[in-house]
Every structure is written in C-alpha cells, then in structure tokens.
Amino acid sequence: MSTQPIQPAVRHGEPLLAVRDLRVTFGRRGEEPFRAVDGVSFDVRPGQTVGLVGESGCGKSVTSLAIMGLLPTRGNTVEGTAVFDGEDLLSLSAQQMRDRRGADIAMIFQDPLSSLNPVIQIGRQVTEVMERHQGLSRKEAMPKAAELLERVGIPDPRARLANYPHQLSGGMRQRALIAMALACQPRLLIADEPTTALDVTIQAQILALLKDLVVETGTAMVMITHDLGVVAGLCDEVNVLYGGKIVERGTRHGLFARPRHPYTVGLLDSIPRLDAPRGEALSPIPGSVADNLPWDSACAFAPRCSNALDVCVEKTPAWEGDDVVGLRCFNPMGVSR
Amino acid sequence: MSDQSPQQTPARTSYADRRKQRLDALARASADEEGGVSLIVSAWRRLRRNPVFLVGLAITITFVVLAVIAPWLAPYDPAARPLLDDIRPQTNPVPGPEPGHPLGGDDKGRDLLSRLLVGSQQTLMVGVLATLFGLLGGVTLGTVAGAFAGWVDSLVMRVVDVMLSIPSLLLAFTIAALASRPSQWTLIIAIATVQVPIFARLLRGSMLGQRASDHVLAARSLGVKPHAIVFRHMLPNALGPVIVQATLVLAVAIIDAAALSFLGLGNPDDRRPEWGQMLGAAQPYLGQEPHLAFYPAACIIVVALGFTLMGESLREALDPKTRR
Ligand SMILES: Nc1ncnc2c1ncn2[C@@H]1O[C@H](COP(=O)(O)OP(=O)(O)OP(=O)(O)O)[C@@H](O)[C@H]1O
Ligand code: SF4
Ligand SMILES: [Mg+2]
C-alpha cells in the first residue's frame, strides 16, 4: 500500500536499464526473416516495476531473452542496445554476460515445474547460484539457502532443501525459483509470466510475494504478462506491446484511467471484473495476431481495430511521446473511462 | 542424405534411415518426460504388469545368476577331459549322455554341461564389456556433439551416421578381422566400436532436447557455467534413453559375439569355452551329433531373446507414441 516509490525522484533518476530500439529477427539464410521484436525502447529505473503487456506472440519473451543474452546463438539477429548500469548488455561477451546473469540481473519463468532440474535437490539448486557468483562453498551456502526459502514463504525450509522438485507443489516450486533468482541480490529481476501456470489463489500469493520482495530489497522488476490485472496491482509503469512494437506507455494510474490506444482499451475490456453486471459478456478483441499487417506500411493492429482510418493501412503510425508516456496511433480513443 | 531430422518417406526407407529414426524416437522420449530418473521410474510402473517384460527379466536374471555362480555349479573343469576314454574316432567320436554327464561330452571328451555353464561367463563378459566400452565411447561422443553445437556436432554426427549406415555385424566382422591375432579383446573392441555410433546418436538427440529445455534455460539465466550446464543439468537428464538402449545393445552384443566366435574371430583357446566358439567346433558333427550345436545355439537364442524382450518392452514403455 505504501509501496509507491516517490514519483518525481524516481522518474528523473538515471535508468538502471535503458533498452533502445531493440530488434530481434529470426530466420536462417534462405528463409523469410521474421521480426519478433521491432524497435522496442523502454527504461527501468532503480526500484521501479515496469510492466510489459501484450497478447501471446507479441514478443514479450523474446524481448526479455534478448536482454538476458539467452537467445540461441544461431538463427537470429539482435540489434539495438540495452544499457544496464552504463554497460550495453548486447555488446558484452558471452563470458561477461554470464557473470552478470544471476548476480546483477535474474529472471523467473512461466512454468515452475519444468524450470527446475528434476534430478537435483532444491537445496543444491539454490546454493548453485551462490557458489557461482559469491564464491561460497556449498556448506557455507546451505544455511543461506534455508534462509532464502524461508523468506520466500516456504514452510519448513530445512527439510525442503533435500526435496526434489516433483515433491513440491506448483506454488512452492515458483517460490523456490524466486529464491534462486534473488539469491545474489540482483538489481533487476525479469519475471516472464511468473503466475500463468499457477492456480488463481496461488497466483495472488506469488504476486504479493514478488511485490513484497522487490519493495523490501529495492530490486527493479520487469513484469511480463498478458494480464492487465497483474499489472494493475504491481507496476509503476506499463508498456503495451503489439506485434513487436510498443503501442502505448503510461503510468499505471494514467493508463488505467485514460487508455488511449484502441488495443489497450481492448485489453482492459477483456479483464474479468468483479463489479461488472452479472451475465455481461466480456468483450475480447476480435480477430487474432494472425491478421496482423506488416508494421512497415501500416498499423499492424488495423484489421482488428474498431477505430481504424484509411491512413492506418497506408502508413506506419509514429511513436509520439517520451520515456514515461507515449502512444503509437492515428486515431486514439478520446473519451475518458 | 544425412539430414539431421530424418524425413518420413513412406515409399522406401533405407536401413540407415530406419536405424536413425528408431534412435531419434527414443531420444525424444527423454525430452518430454520430466527427466532421466523419473523416466525410468514411470516406465517401471507401466512395466511391472507387462508379461513380455517379466519373461525377459526372468531369463536375464537366470542367465546372469548362472554365469556368476557357474564355476561352483559346473560339475567338471571345462578344460578337463573325463570322457576321453569313451571316444572311438570311427564309431563314437562324441560321447553321449551317461550318469554324471547328463548332456554327454564334446569331441575332446570334455563334459558338455560344464562347458555350457562356464561358457555363459564368457558370453556375459564379452557382452557386458563390449556394451560398457560402447557406452563409454558413445556417451563421450554424444556429449561432445550435444554440448558443442555447430561444426563439432556436424563433424561427429557425420562420422556417426556413416558408421550407422553399415550393417553392424558386417562392421564388427571387418574390425575383428583386422586384428592379427584374434582374442577375447579384439572381439570386445570390435563389438564395442559398432555400438559407439548407436549410443552417440541417441545421447546427442536427448542432449539437444535438454539444451532446449526450460530448466537448462533457467540455469543459464542464473549464469551457471557451460561445463556445469552440460554435466550437471543436461547429461544426467539425457541418460534415460541411453540406459534403455544399453539393454537392447546387450542382446545384440551377445549375438554378434557368438557370430564372430563361430567364425573363428574370437578367443581361439578352447579351454575357456564360449558359446559361439562351441557352436563353431560342433560344425563337423552337425550330421550325426546335432545336439552338440543345438545346446550352445539354444543358449545364445534364449539369452538374446531375454534381453530383447526386456529392452523392447522398456523402449515401448518409454515411446511417447505407444504410451498414450
Ligand atoms: N526461436 C525462435 N525462432 C523463430 N521464431 C521465434 C522463436 N522464438 C520466438 N519466435 C516467435 O517470436 C514471436 C514472439 O514470441 P514470444 O515468445 O516473445 O511471445 P510472447 O509474447 O512471449 O508470447 P507468450 O505469451 O505466448 O509467451 C512469436 O511469433 C514466435 O513464434
Ligand atoms: S493506428 Fe489506426 S488501426 Fe492502429 S490502433 Fe490506431 S486507430 Fe487503430
Ligand atoms: Mg512468453
């Protein structure tokens, strides 16, 4: 509740991570190249939580993997910069990037079962990070691992150290993964749909845990999700991604109170609401990403857009705004909601 | 030709393609299951009630136990010639059954039962050692190929696929025949060499599956070093299908060992009996005394059948296609 960072100070601080014009293109020689991320720019300031929101396939995971240097070594090209703490991550060597991962930047993934090594005990998986980055022996790291498990809300942490992943529930596994990611106090945590694979009640617990942890430790977070509901409770700033481009950006309050891009409005309308009249159907966005036009010569969203004008299929809408608020649309929604 | 993902051509698949497809299907089993250990555990749950598997298991266990205790079980030294006096070169070249010698003797007056029993030891040793060495070589190559993608992988797999395209017995025969003095060890090395590409392709396939897995991505996201990724996170989870294949390979190794010994490419010293070698020695008497060939042949067939039944049902239990 008192989790709001002091807005002005944070806003004018140096960004911890500044992503500029990130482009990721898939395709080997002889294949039609596919641009999954198409000129994405955003900032994350220290201690801030930034949302990256969009439907499946819009490039959220590829963006985060590119920043982490985790895309396959072949079959794709990454352009642009991602400056973290004064260093462009995208131009670091593989070895330098390995030293950053887990220590300065960590990531948690969507599926907590498959993200743990099935044949290694939880304790060893947690200590592995500390052995790697803090030079601890396993013996020294074990008590710290137990503390970490306790901090992420795993009951009876000492006994859990000897468990294998399949002996833990889904929520416990995600807590263990969060413990691993935060073991070396990284300054940035990228969470890629961390609750999608979990039950609704567990989802809320994990989100609350993440919120507590980032506030407590001052870790900045990039929260990737297709669910604006998650963003509403967690993020200071939100980027809405469509077809590999950011189409709208705003502060949490601004975006929810006055969404301007037709796609953002569509996303908001498809959130189930407790206060909605009973029986009123949700209105999902018509069509699918398969209908997208190429960004080069149109607005990719035009075929699904209720506000589309003629110009929308003739030119690329330009980005109008800055690193805090912005929009990419010829005919934004004007009415306040 | 040497496409890494063999296309399903319904019309005519070559010997090499069929072998590769089988291996790749088995390798895939590890990718979509939780991992090596649980792969075996879940397979066991399905296998416990499978009669084919249980028969194979029973045969295998009987054979292994017999081989281990053979020296104490055998009534005679396999090299001793207690029936020498019964041999009449013209009328009775092979002594028949008599009290104390239920199966009779061989053409040199040695107790046949004792030789069969002790012979199981040689067969087991050749089979197990050949499989073990093959496993060692194959796992090394497969790990190298799966760990370093790129040209190392391409190079290793090119060699492996060429070896796979040669029928295994022919290849083993060629290698064994290259040895100036045939022995136990040339036999083992020849058969092991033939198994190397099988294990290599299999392991490389499941290593690639692991490389693309979520938990390896998660480990990389924590900065885990490449050697730890390979040996701690990929290899232990990729070994499941290799273990299954090892039981199948044991059956093949035993048959191949017998075949090569029969052709005189094994241990030439017949004081240490081996089933294939006994079969070869029985050749001159095939007309009058067929039992001399029948017993070792039956032993080879039954034991190979045991391993095959066990291995095939294990493979079936792990095959994603037959499982669901
Ligand atoms: N290795 C790859 N090779 C080719 N295309 C890829 C690869 N990885 C992702 N893509 C493509 O890039 C696009 C963006 O994928 P991405 O995984 O970032 O989507 P996402 O927004 O994370 O979706 P989801 O909500 O389903 O996770 C998709 O169309 C996908 O097909
Ligand atoms: S640019 Fe045109 S098509 Fe695209 S979202 Fe805006 S109004 Fe709709
Ligand atoms: Mg994703």
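Residue numbers start from 1 in every chain, and the chains themselves are labelled A, B, ... in the order their sequence lines are given, proteins ahead of strands. Values reported hereafter were calculated over all heavy atoms of this structure, with side chains retained and with hydrogens, waters and symmetry mates removed.
For A/Ile108, no part sits under 4.5 Å from any heavy atom of chain B, backbone or side chain. Contacts between A/Arg100 and chain B at a heavy-atom distance below 4.5 Å are absent for every atom of the residue. With a threshold of 4.5 angstrom between heavy atoms, B/Arg232 approaches chain A through its backbone and through its side chain. When heavy atoms are compared at a cutoff of 4.5 Å, A/His166 does not approach chain B at all. Both the backbone and the side chain of A/Asn117 come within contact range of chain B, with heavy atoms under 4.5 Å apart. The parts of A/Leu70 that come within reach of chain B are both its backbone and its side chain, each placing non-hydrogen atoms under 4.5 angstrom from that chain.
Taking CG of B/Leu217 as the reference point, atom CZ of A/Phe109 lies at 4.0 Å (rounded to 0.5 Å). Between B/Lys225 atom NZ and A/Arg132 atom CZ the span is 4.5 Å, to the nearest 0.5 Å.
Looking only at heavy-atom pairs under 4.5 Å with chain A, the residue among B/Ala212, B/Pro226, B/Ala219 that has the most is B/Pro226. The choice from A/Ser115, A/Gly102, A/Ala94, A/Gly69 that makes the most heavy-atom pairs within less than 4.5 Å of chain B is A/Ser115.
Nearest approach of A/Met107 to B/Ser221, heavy atoms of both residues: O-OG, 4.0 Å. Scanning both residues, B/Gly150 and A/Arg74, for their nearest heavy atoms gives N-NH2, 3.8 Å.
Side-chain atoms of A/Met180 and B/Leu222, non-hydrogen and from C-beta on, do get closer than 4.5 Å to each other.
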Starting from the C-alpha separation in whole Å, work towards a yes-or-no answer on side-chain hydrogen bond (donor to acceptor under 3.5 Å, both in side chains) for B/His215 and A/Gln125.
-> CA-CA 11 Å; B/His215 74 88; A/Gln125 298 196 46; over 6 Å; no
